[in-house]
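Structure first, commentary second.
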2 protein chains.
Amino acid sequence: MKLQKITDSGKRRYDDACGTAHALDLIGERWALLVMRELMLGPKRFGDLRSDLPGISANVLTQRLEGLESAGLLVKRRLPPPASTQVYELTAWGYEAEPIVQSLGKWAARSPAHDPTLPISATSIMLSLRTMFDPARAEGFRARIGFRLGSESFVASIGEGRFESGRGETAGTDAVFTGTPPGLAAAVYGGQPFEALEDAGILKVEGDLVMARRFTTLFPLPSKVKAP
Amino acid sequence: MKLQKITDSGKRRYDDACGTAHALDLIGERWALLVMRELMLGPKRFGDLRSDLPGISANVLTQRLEGLESAGLLVKRRLPPPASTQVYELTAWGYEAEPIVQSLGKWAARSPAHDPTLPISATSIMLSLRTMFDPARAEGFRARIGFRLGSESFVASIGEGRFESGRGETAGTDAVFTGTPPGLAAAVYGGQPFEALEDAGILKVEGDLVMARRFTTLFPLPSKVKAP
DNA sequence: CGGCATCCGGGAAGATACTG
DNA sequence: CAGTATCTTCCCGGATGCCG
């Protein structure tokens, strides 16, 4: 026997006027916010999303993309020929969800249960730099830093106490980090010296090494909560 | 045949070092963040949580409270006699999740699908005032406002462009709003005149009505995204 | 290969009843 | 009032297969 409220149009929602609850109606399903995170730095194809989200299955990814599209958070777009592949791109409102991703990330950085050895995507690590940047530590520092993580390239600019970043070519930057996302994480958050990381084969640093070293000090982690 | 990663200890987690993903491991389950929201303004009993969260079932609430407690986000505490009832209270780290609740609420306020006519708890509406407060609109304004919503009382203080609020008695405030959470929402976000709300029997305003009216103008809603 | 539809097993959520 | 027990429903995850 099927009993459900007549207003229920199939979806499971919170019946709550609170904005927070409505946000969870929109992006509270499993994987939804991580799909948004992966698109925060620009559009991606289905397969790239899938490989950047360890563990998501194809049908769930399809469902989330449908849901987020019908909510107005992303659009399915076909690139112009000859590269006429399909990509998923956040709408303006979808990009406005970045503070959500950031507040979650900043908050969870204090968790005693956080395991930094798990895999991490290039988009995640680049976004985390935005989140953890400390303007006070960048006093009088001005630099453009390039990143080559797998097949993706990013550029970050520091100046006037501000941090800006996005996809972009590394040409003309002061220093370039080349390697894996965990390698970059180890340099920035793990305080690992460049030599150790190069020896481990997970990160190479070229260009102005002094600037590069200074760069890695701009992203302090908050103190951990003592384990319960 | 049962195939699962050995690291899986029963729980369904994202295997992702990203802080955002870890936050979702902690508070990403259904209802979890709304339980946190209801505790943001102070401890509550099981039954109060249940009645303030429309639709949650007792067993799910039990599971979430267990999960949040073992994550170190709340503690189960027994009030001293004679009122020796049990309450749930956020830990310091739990309270630090407020920016998450706020960023979600602020973001979702732009949603075209948001339905403000749904029920809303006293805690939700009081938290939303913190979220939506606009310091620029409070230039030169100084007031203490009381709220009596159902059986709960709150006090908000505006001054120096800051907004502070919490549970508290309404004695000595400049004006007092008495009524239902939707009534207060209609006054602040719906721009309804006090008379209409009093006639509807959902809100009564006492004290300095000019201050009370000014108060209701300090919480502008962002513009809606056009429906998809 | 990219993008889906479909089927199935397990488990989480929902509803209700029950107990101290 | 504060949960527990049980049953049902539905979502998630994995596998497979279709179609361009």
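Naming convention: chains lettered A, B, ... in sequence-line order (proteins, then strands); numbering from 1 in each chain.
Evaluation of the side chain to side chain contact (heavy atoms under 4.5 Å, CB included) rule for A:S111 yields A:A113, A:H114, B:H22, B:L26, B:W93 as partners, not counting sequence neighbours. Scanning for ring pair (Phe, Tyr, Trp, His ring centres under 6.0 Å) contacts around A:Y88 gives an empty result, with sequence neighbours left out.
Rounded to an integer number of Å, the gap from A:R78 CZ to D:dG20 C1' is 10 Å. The CD atom of B:E29 sits 17 Å away from the P atom of D:dC11 (whole-angstrom rounding). Regarding B:E66, its CD atom lies at a distance of 14 Å from the C1' atom of C:dA12, rounded to whole Å. Between the P atom of C:dA13 and the CZ atom of A:R30 lies a distance of 11 Å, rounded to the nearest Å. A straight line from CZ of B:R13 to P of D:dG13 spans 13 Å, rounded to a whole angstrom. A straight line from CD of B:Q86 to C1' of D:dC1 spans 11 Å, rounded to a whole angstrom. Here the P atom of nucleotide D:dG14 and the CG atom of B:D15 are 10 Å apart, to the nearest Å.
Of the residues listed (A:R50, A:R45, A:K44), the one engaging A:D48 in a salt bridge (Lys or Arg N to Asp or Glu O under 4.0 Å) is A:R45, and it is the only one.
Under the 30°/60° scheme for interplanar angles, the aromatic rings of B:F147 and B:F215 are found to be tilted.
Applying the 4.0 Å criterion to OP1 and OP2 of D:dA2, one finds that B:K44 has every side-chain N and O outside that range. Between B:Y88 and the phosphate of D:dG3, there is a side-chain N or O to OP1/OP2 separation shorter than 4.0 Å.
Looking at residues 46-64 of chain B, you'll see B:G55, B:S57, B:N59, B:V60, B:Q63, B:R64 sit with a heavy atom under 4.0 Å from some atom of DNA chain C. Shown for residues 31-39 of chain A: no residue has heavy atoms falling under 4.0 angstrom of DNA chain C.
The list of ring pair (Phe, Tyr, Trp, His ring centres under 6.0 Å) pairs with a residue in residues 27-67 of chain B, not counting sequence neighbours, reads A:Y14-B:W31.
Closest heavy-atom contact between B:I125 and B:S128: O-OG, 2.8 Å. Considering all non-hydrogen atoms of both residues, A:S121 and A:R37 come closest at OG-NH2, 4.2 Å.
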Cut-off 3.5 Å, no hydrogens considered: what does the side-chain donor-acceptor table look like for residues 197-204 of chain A, sequence neighbours left out?
unit_1 : atom_1 : unit_2 : atom_2 : d
A:E198 : OE2    : A:V205 : N      : 3.3

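One N or O on the side chain of B:T91 and one on the backbone of B:G72 form a donor-acceptor pair closer than 3.5 Å.
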